[in-house]
Amino acid sequence: MRKDARVTNSTILDELLWRELIAQSTDLGALQAAADAGPMTLYCGFDPTAPSLHLGNLAQILTVRRFQQAGHRPLALVGGATGLIGDPKMTGERQLNPREIVEDWVRRIRGQLESFYDFSGTHAAVMVNNYDWTEGVSVLEFLRDIGKHFSVNRMLDREAVAARLAKEGISYTEFSYQLLQSFDYLQLFRQFGCTLQTGGSDQWGNITAGVDLIRRVESASVHALTTPLLTKSDGTKFGKTESGTIWLDPGLTSPYAFFQFWLNADDSDVPTLLRTFSFSARPRIEELFSATVERPHERAAQRALAQELTALVHGEAEQRAAESAGFALFGQGDLAALSADALTAALLEAPNGVVDPGEIVDGVLPAVEDLLVRCGLASSRGQARRTVSEGGASLNNERVPNEGHSPMVGDLLHGEWLVLRRGKRTVGGIRVEK
RNA sequence: GGCAGGUUGCCCGAGCGGCCAAUGGGAGCGGGCUGUAAACCCGUCGGUGAAAGCCUCCGAAGGUUCGAAUCCUUCACCUGCCA
């Protein structure tokens, strides 16, 4: 066994093991042997169920990326076909999305995937879309060649399916999902020699169904590997905050908000987050573990995560902008000391709104409640009023004393900005258009 | 197919003719402590409004009544028991 992780194939499994990224797998020994034998081709698919990928998907992407860095070849699969059908979920039948929408989402997700894998070099990634090999298959062909190998009895065992049967039922469409995903694995095995599929542990049933299909049809033994479902230490779902899902699309979750998400991670989640998302070497990660235990207030691990992942997802420049914005807005108070450029850059990262000069009467701007709503810090005037009356609103780092308070022109920083804050860590900007 | 019960605010769940925008818990939000954490304590929690008030709301549509989340009818869905 060679020592260099970049070159040695088998160390990838050791790496995943210490990172606790293996929830389930087919015979690990066999997988290890396959990885040792040379570059493997693996895939992990992403269905277009939203306009963007999110942090949960990122965990999967990064696992595949680790394989690529270890010298294996990833296939980046976008589920243009499976996205039209929908994987059964516990809670109920999905609503089918219009084809044009799915096509749009496929484009967006494909674009996102492109930035995480290396599409050049000796083990270049390949982008594939299962729509390409599914659209032309006839129903009869599919039922005879693929469907015949599936036992409904076994399909019924699947957790989501069983839950649905016990409740409101499941359409034939969704029930068929597993066949499509299995068909994908078979296709990729035939076309690219793909012998490993990874995914979240909720995908175990779908993945092994593909493994079985390949065994029956091709008499070949291929592998499956799943990663643990990411949960926070308090058991709640990971990757969601008060404000919702953390998306990779900067239009849906700004780089600033993305950075803040990591910076605000619970201490108790730090080990899992570092193991799952960071590409730092083990000694560095362990150093951050102990830093969190010994000097938690410094939040070195949270900052390291924020820096590394914001840079990875949004690029170095955006990462620096997001971090500087945080420093500016959460710094030691004196906002007036910030340069106009720094302030503008910071506030453009945060949620912000606009006041038209025509709204300023005798040097008085609209009331703080209006401004809170306008920059998105409050969802209604009622909520804004509540925030102010609870003492949770501040203007240029000064607590807003009472309801109905209106800023004056003299309060404008550099003649154009107001910094609004709701609670301790939600900051927004108001800009007076010139 | 027959009989019985259910459908309440983001979720769970009380209410069973007026005092109900609707008890309670959870989530969320704010304050305090702290580290732009967690836990904990306190407050808050439909919209609008400074307030009084007004508007919307208790599966859907009708009806009874001065007045309905609460009673009646029909419809939809869910749950038990019997076939």
Side-chain angles (χ1 to χ4, degrees), chain A residues 90-93 163-171 231-246 254-274 288-307 310 322-333 335 346-347 349-351 364 366-370 372-395 397-406 419-429:
Chain A
M90 309 282 274
T91 43
E93 187 80 12
R164 290 282 296 279
L165 285 172
K167 294 170 73 182
E168 80 277 30
I170 181 170
S171 68
T231 53
K232 301 214 300 176
S233 54
D234 60 9
T236 58
K237 200 162 181 185
F238 172 82
K240 309 259 179 179
T241 63
E242 315 73 64
S243 39
T245 306
I246 304 294
S254 72
Y256 167 78
F258 188 85
F259 190 94
Q260 289 291 319
F261 170 82
W262 296 101
L263 195 59
N264 283 312
D266 293 3
D267 293 354
S268 52
D269 291 327
V270 157
T272 305
L273 294 179
L274 281 171
L288 289 168
F289 286 173
S290 48
T292 297
V293 173
E294 289 156 23
R295 302 177 301 282
H297 57 280
E298 289 179 3
R299 288 180 296 160
Q302 282 93 332
R303 188 163 292 278
L305 276 165
Q307 290 169 336
T310 309
E323 184 165 18
S324 315
F327 277 132
L329 300 174
F330 289 102
Q332 301 305 328
L335 289 166
L347 289 175
E349 290 286 321
V364 179
V368 167
E369 288 84 346
D370 276 322
L372 283 170
V373 173
R374 200 172 300 196
C375 68
L377 253 44
S379 57
S380 68
R381 282 187 53 79
Q383 192 195 26
R385 246 182 289 114
R386 213 174 295 134
T387 298
V388 173
S389 67
E390 289 171 333
S394 70
L395 175 67
N397 281 354
E398 299 279 340
R399 183 166 293 193
V400 177
N402 55 281
E403 294 179 43
H405 178 79
S406 290
V419 177
L420 287 168
R421 185 189 308 257
R422 196 199 69 210
K424 270 183 291 197
R425 44 184 162 157
T426 314
V427 180

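Only this structure's heavy atoms are used, side chains among them; waters, hydrogens and symmetry mates stay out.
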Query - For U70(B), the Watson-Crick or wobble counterpart (both distances under 3.5 Å) - result: none
Query raised in the report: Rounded to whole angstroms, how far apart are CG on Leu305(A) and P on G35(B)?
Result: 21 Å
Query - Gln302(A) side chain reached by Asp267(A) side chain, heavy atoms, under 4.5 Å - result: yes
Query - d(CG, Leu329(A); C1', U36(B)) in whole Å - result: 11 Å
Query raised in the report: With a non-hydrogen cut-off below 4.0 angstrom, is Gln260(A) in contact with a base, only sugar-phosphate, or nothing?
Result: base
Query raised in the report: Hey, does Leu263(A) have a side-chain heavy atom less than 4.5 Å from the side chain of Phe330(A)?
Result: no
Requested in this report: Classify the side chain of Arg422(A) and the base of G30(B) as holding, or not holding, a donor-acceptor pair under 3.5 Å.
Outcome: no
Query raised in the report: Should Ser380(A) be listed as having a side-chain N or O under 4.0 Å from OP1 or OP2 of G47(B)?
Result: yes
Query raised in the report: Under 4.0 Å: is that the gap between some side-chain N or O of Arg386(A) and OP1 or OP2 of C45(B)?
Result: no
**Report entry** Spacing between Asp267(A) atom CG and U36(B) atom P, to the nearest angstrom
**Finding:** 12 Å
Query raised in the report: How far, in whole Å, is G9(B) from U23(B) if one measures between their C1' atoms?
Result: 13 Å
Query raised in the report: C1' atom, C41(B) versus C77(B): distance in rounded Å?
Result: 43 Å
Query raised in the report: Which part of the nucleic acid, if any, lies within contact of Glu403(A), taking any heavy atom under 4.0 Å across all strands shown: a base, the sugar-phosphate backbone alone, or nothing?
Result: nothing
Query - Rounded distance in Å between the P positions of C55(B) and A21(B) - result: 12 Å
Report task. Look at all strands and tell whether Arg421(A) reaches a base, only sugar-phosphate, or nothing, counting heavy atoms closer than 4.0 Å. Result -> nothing
Query raised in the report: Just how far, in rounded Å, is C1' of G30(B) from CG of Leu420(A)?
Result: 16 Å
Report task. Hunt down the Watson-Crick or G-U wobble partner of U36(B), both distances under 3.5 Å, from any strand shown, or write none. Result -> none
Requested in this report: Sort out the partner of C16(B) for me: Watson-Crick or G-U wobble, both distances under 3.5 Å, none otherwise.
Outcome: none
Query raised in the report: Which atom pair, heavy atoms only, marks the closest approach of Ala350(A) to Leu329(A)?
Result: CB-CD1, 4.4 Å
Query - Pairwise P distance for G6(B) and C10(B), with rounding to whole Å - result: 23 Å
Query raised in the report: Does Arg381(A) make a side-chain N or O approach to OP1 or OP2 of A50(B) shorter than 4.0 Å?
Result: yes
Query - Nearest-angstrom distance from the residue atom CG of Asn264(A) to C1' of U34(B) - result: 13 Å
Query raised in the report: When the distance from CZ of Arg299(A) to P of A37(B) is rounded to whole Å, what number comes out?
Result: 7 Å
Query raised in the report: Taking the side chain of Leu263(A) as heavy atoms from C-beta outward, which of U36(B), G31(B), G35(B) is closest to it?
Result: U36(B)
Query raised in the report: To the nearest angstrom, how far is Arg385(A) atom CZ from U48(B) atom C1'?
Result: 7 Å
**Report entry** Side chain Glu390(A) and base G31(B) donor-acceptor under 3.5 Å
**Finding:** no
Query raised in the report: Taking side chain as C-beta onward, heavy atoms only, is Leu377(A) less than 4.5 Å from Thr387(A)?
Result: no
Query raised in the report: Within a reach of under 6.0 Å around CD of Glu298(A), are more than 12 heavy atoms found that belong to other residues, nucleotides or ligands?
Result: yes
**Report entry** Pair partner, A50(B) [Watson-Crick or wobble, under 3.5 Å]
**Finding:** none
Query - For G28(B), the Watson-Crick or wobble partner whose two distances fall under 3.5 Å - result: U44(B)
Query raised in the report: Can a side chain N or O of Lys424(A) be found less than 4.0 Å away from OP1 or OP2 on A37(B)?
Result: yes
Query raised in the report: Of all heavy-atom pairs between Ala300(A) and Ala291(A), which one has the smallest distance, and what is that distance?
Result: CB-CB, 4.4 Å
Requested in this report: Kindly determine whether Leu395(A) and Leu420(A) satisfy side-chain contact (heavy atoms from CB on, under 4.5 Å), including the steps that lead there.
Outcome: CA-CA 5 Å; Leu395(A) 175 67; Leu420(A) 287 168; 3.8 Å; yes
Query raised in the report: With sugar-phosphate meaning primed atoms plus P, OP1 and OP2, does Gly391(A) contact a base, only sugar-phosphate, or nothing at under 4.0 Å between heavy atoms?
Result: sugar-phosphate
Query raised in the report: Atom CG of Asn402(A) to atom C1' of G30(B): distance rounded to whole Å?
Result: 17 Å
Report summary line: Partner of C81(B) under the Watson-Crick or G-U wobble criteria, both distances under 3.5 Å, comes out as G2(B)
Report summary line: Under a 3.5 Å limit on both distances, the Watson-Crick or wobble mate of A21(B) is none
Query raised in the report: With rounding to whole Å, what would you report as the distance between U48(B) and G43(B) at their C1' atoms?
Result: 23 Å
Requested in this report: With a 3.5 angstrom cut-off on both distances, give the Watson-Crick or G-U wobble partner of G59(B), or none if there isn't one.
Outcome: C75(B)
Requested in this report: Using the C1' atom as the reference point in each nucleotide, state the distance between C54(B) and A4(B) in Å, no decimals.
Outcome: 43 Å
Requested in this report: Taking atom C1' in both G17(B) and C72(B), compute the distance separating them and give it to the nearest angstrom.
Outcome: 13 Å
Query raised in the report: What nucleic acid atoms does Ala265(A) come within less than 4.0 Å of, heavy atoms only: base, sugar-phosphate, or nothing?
Result: sugar-phosphate
**Report entry** C66(B) to A14(B) separation - P atoms, rounded to the nearest Å
**Finding:** 33 Å
Query - Residue mapping more 5' on RNA chain B - nearest nucleotide basis, Ala393(A) or Gly382(A) - result: Ala393(A)
Query - Considering all heavy atoms, the nearest Pro366(A)-Arg374(A) contact - result: CG-NH2, 4.1 Å
